[in-house]
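A short write-up of the structure that comes next.
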Amino acid sequence: MDEQAQQRATFSRTGVVATMTHAVQIRDDFAAWLTQHLVLDPEKTSDIVLAVNEALANAAEHAYISSSQPGPMHARAEHDPELATLTVWITDEG
């Protein structure tokens, strides 16, 4: 197995203002990170990016609906090749 594939990889965007524009940017950054660090078939990659997009969109659209301004959202992902896992967290403070 390739040496890079053996290393734990992380993705992080924290404290980003929860807007759709920022959600799209995080999604695109995550998709680039995902394809750089994991070898997945295109369907799996698409499914993961779609799920991340949905979570980001929910944060941007609903987390601060009763606030006068949007607050922060956070995205983090971790790939552990030893456990063969990918864990993704999308959180907000709304």
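Count residues from 1 along the sequence.
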All ring pair (Phe, Tyr, Trp, His ring centres under 6.0 Å) counterparts of Phe30, not counting sequence neighbours | Phe11, Trp33
Residues in side chain to side chain contact (heavy atoms under 4.5 Å, CB included) with Thr14, at least two apart?
-> Ser12, His74
State which residues pass side chain to side chain contact (heavy atoms under 4.5 Å, CB included) with Val17; sequence neighbours excluded, sorted by chain then number.
-> Thr19, His22, Pro70
With hydrophobic residues grouped by side-chain heavy-atom distances under 4.5 Å, do Val16 and Met20 end up in a single group?
-> no
Taking the side chain as every heavy atom from C-beta outward, state whether Ile26 and Met73 have any atom pair closer than 4.5 Å.
-> yes
Using the test side-chain hydrogen bond (donor to acceptor under 3.5 Å, both in side chains), find all partners of Asp92 that sit at least two apart in sequence or belong to another chain.
-> none
Residues in side-chain hydrogen bond (donor to acceptor under 3.5 Å, both in side chains) contact with Glu54, at least two apart in sequence or another chain = none
Roughly how far apart are Thr10 OG1 and His37 NE2, rounded to 0.5 Å?
-> 8.0 Å
Mind listing the side-chain donor-acceptor pairs of residues 80-87 below 3.5 Å, one per line with the distance, residues two or more places apart or on another chain?
residue : atom : partner : partner atom : Å
Asp80   : OD1  : Glu82   : N            : 3.0
Asp80   : OD1  : Leu83   : N            : 3.3
Asp80   : OD2  : Arg8    : NH2          : 2.6

Would you mind listing the cluster partners of Val24? Hydrophobic ones only (ILVMFWY), side-chain contacts under 4.5 Å, chaining allowed.
-> none
Which pairs count as side-chain hydrogen bond (donor to acceptor under 3.5 Å, both in side chains) when at least one residue sits in residues 42-52, sequence neighbours excluded?
-> none
Sort and list the pairs that fulfil side-chain hydrogen bond (donor to acceptor under 3.5 Å, both in side chains) and have at least one residue in residues 55-70, not counting sequence neighbours.
-> none
Scan for salt bridge (Lys or Arg N to Asp or Glu O under 4.0 Å) pairs involving residues 9-30, sequence neighbours excluded, and state none if there are none.
-> Arg13-Asp29
Can you see which heavy atom on Ala23 is nearest to which on Ala60, and at what distance?
-> CB-CB, 4.4 Å
